[in-house]
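Written below as structure tokens is the structure these notes are about.
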Amino acid sequence: MTARTYRNPILDADWSDPDVVRVGDDFYLTASSFGRTPGLPLLHSRDLVHWTLVGHALERLEPAEQFAKPRHDCGVWAPSLRYHDERFWIFWGDPDQGIFQVNAPQIRGPWTRPHLLKPGKGLIDPCPLWDEETGEAYLVHAWAKSRSGVKNRLTGHRMHPDGTELLDEGKVIVDGDRIPGWFTLEGPKLYRHDGWFWILAPAGGVETGWQGAFRSRGFFGPYEERIVLEQKDTDVNGPHQGGWVRTPSGEDWFLHFQQRGAYGRVVHLQPMRWDPDGWPVLGDDGAPVAVHERPALPPQPPAAPATDDDFPGGRYGRQWQWTANPGDGWATQHSGDGLRLTCVRSADAHDLRKLPNVLTQRLPGTPCRVEVELRLDSDEPGARAGLAVLGDAFGWIGLQRGTDGTVHLVHRFAEGVADAERDAAHPRLATEGRARLRIDIGAGARCRFSADTGDGFRPSGPVFTATPWRWVGALLGLVALAPAGQGHAGAATFTQFRISASSRT
């Protein structure tokens with residue numbers, strides 16, 4: 001890679017189901033956030049290669065009571081981001097509720113509260129289109145078989161231009177069952193180009209599928225199809241589901257994801273051109289590129305979504321999300337640095353997967369070292385706090401107050417099939433109630449835990465391999481908790497959270 005080239009993935013973490021739009025000289029991207037809050041992350045770039053996280057469009061998931069506990073694979077699925085009538089618009093499907101939209105005059109908001117555009121089970125992956133030629137508006141969406149019993153088809157609607165309602169009952173405009181060899185057609189993105197209605201949509205499943213293109217002279221069809229991106233002889237499995245964007249100079253690019261196990265869905269950038277028959281050609285004649293010449297855009301300094309945090313004033317950065325809608329007083333602001341988390345009482349203290357009060361960020365897709373300093377400020381027997389790797393299985397290392405008043409370093413884990421954690425190493429005394437915690441994450445998301453309680457870093461327990469949830473990559477997490485009971489259970493303070501590149505494997 002040189003200063004004139006870029007290497008994929010351009011976002012090497014779980015920015016699932018990306019969609020992209022250009023407004024002037026700026027590019028914006030959003031992604032699925034499932035059951036975490038705040039939701040609908042908003043990223044910004046000037047060169048399509050370097051991205052920063054500038055905010056979120058969804059403060060809380062609604063109805064709030066349904067997301068008071070973790071629902072890791074539910075919530076916000078596959079959003080579409082558009083700019084129309086001097087406003088930003090995001091449409092997404094909640095597979096249990098229906099199709100929602102929010103909009104805002106600026107990317108940083110203020111965003112409207114979610115508006116339920118189409119209620120129903122299994123309605124996913126919506127995308128709007130405002131036809132500038134006719135003034136009409138449309139919407140296309142896919143189906144989740146787990147909720148509706150239906151999949152592999154795309155349904156189209158006419159939509160009111162103000163985005164508040166659909167104007168018909170909908171019609172199946174692409175039926176994947178009628179296309180030989182196609183299955184799990186989903187994730188449509190809708191465009192108008194060169195006199196055609198275009199739907200760019202993946203099929204074949206997230207790990208092994210391909211990217212398709214469909215075109216028709218009329219929105220309701222009939223559509224003809226073509227596969228425009230697939231793995232071929234590369235190591236990029238299942239390259240699909242994303243968005244097309246055109247630069248001010250007229251270059252076309254396509255951003256999409258690749259499913260990478262515990263790392264989630266990382267984002268690739270593909271060059272895009274049009275063949276003599278008017279069909280899009282993605283990547284290197286339909287195969288994903290690993291290294292390619294950068295877009296012809298003004299050079300930008302290196303940038304990436306933030307990871308490190310000193311928590312000034314007790315505030316956490318945009319990169320952090322709770323595993324459910326947050327409760328009052330979970331994080332306390334104060335005059336110094338450091339994240340002060342309340343030891344929230346819970347009957348589920350034995351299973352981090354069930355806790356809403358885990359503050360998380362994405363697991364980096366490359367080998368790294370994660371460190372944080374912890375002080376346990378609680379006299380409550382059983383109160384604990386630590387640094388976690390959270391997925392269908394989880395592991396964490398931290399401090400716990402014993403019944404005799406002493407503080408111990410503890411390291412625990414749970415397999416995906418287990419309903420409670422157990423020790424990964426023998427507890428050891430931490431006399432000062434402080435520890436520096438570390439996780440070295442190598443190839444294959446293999447995690448090595450260690451801690452310094454005053455006598456240098458010492459390894460703890462065997463290697464733990466991070467695992468994803470069904471649709472969500474593994475997460476790094478900070479947590480403070482206490483057993484069920486009455487009264488305030490104290491707090492824990494985290495300082496100097498750092499993620500650094502590592503060559504360890």
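The ring of Trp210 has its center closer than 6.0 angstrom to the ring center of Trp182. Proximity of the aromatic rings of Trp15 and Trp51 is defined here by a centroid distance below 6.0 angstrom, and this criterion is not met. Between His268 and His256, the distance separating the two ring centers is shorter than 6.0 angstrom.
With hydrogens and angles left out, the side-chain atoms of Ser16 and Asp14 include no donor and acceptor closer than 3.5 Å. With 3.5 Å as the limit, one finds no donor-acceptor pair spanning the side chains of Gln258 and Arg265. In this model, no donor atom of one side chain and acceptor atom of the other lie less than 3.5 Å apart for Thr495 and Asp337. In this structure, a donor-acceptor pair under 3.5 Å is present between the side chains of Thr155 and Trp143. If you check the side chains of Arg412 and Gln400, you find a donor sitting under 3.5 Å from an acceptor.
No more than 12 heavy-atom neighbours from other residues, nucleotides or ligands sit within 6.0 angstrom of CG on Asp419. For Gln106, the CD atom sits in a loose shell: 12 or fewer heavy atoms of surrounding residues, nucleotides or ligands are nearer than 6.0 Å. Remark: Glu59 CD is loosely packed, at most 12 non-hydrogen atoms of other residues, nucleotides or ligands lying under 6.0 Å away. More than 12 heavy atoms of other residues, nucleotides or ligands lie within 6.0 Å of NE2 in His115, so this atom counts as buried by the packing criterion. Within 6.0 Å of CZ in Arg108 there are 12 or fewer heavy atoms belonging to other residues, nucleotides or ligands.
Remark: Tyr263 pairs with Arg260, Leu363, Ala445 by the side chain to side chain contact (heavy atoms under 4.5 Å, CB included) rule, at least two apart or across chains. Considering only residues two or more places apart in sequence or on other chains, Pro95 meets the side chain to side chain contact (heavy atoms under 4.5 Å, CB included) condition with Trp77, Ile124, Arg147. Remark: Glu432 pairs with no residue by the side chain to side chain donor-acceptor pair (under 3.5 Å) rule, at least two apart or across chains.
Both the sub-6.0 Å distance and the 45° axial angle are satisfied by Arg438 relative to the ring of Phe457. Annotation: cation-pi pair Arg36/Phe34 absent, no NZ/CZ under 6.0 Å from the ring centroid and within 45° of its normal.
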Please evaluate residues Ile439 and Arg448 with respect to the criterion side chain to side chain contact (heavy atoms under 4.5 Å, CB included), reporting the C-alpha separation (whole Å), side-chain torsions for both, the decisive distance (0.1 Å), and the verdict. CA-CA 6 Å; Ile439 307 175; Arg448 295 171 173 86; over 6 Å; no
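Taking the six-membered ring for Trp and thresholds of 30 and 60 degrees, His44 and Tyr28 have ring planes inclined between 30 and 60 degrees apart. Ring geometry, Phe100 versus Trp92: the interplanar angle falls under 30°, so the pair is classed parallel (tilted spans 30 to 60°). Note on ring orientation: taking the six-membered ring where Trp is involved, the planes of His72 and Trp469 are parallel (angle under 30°, cut-offs 30° and 60°).
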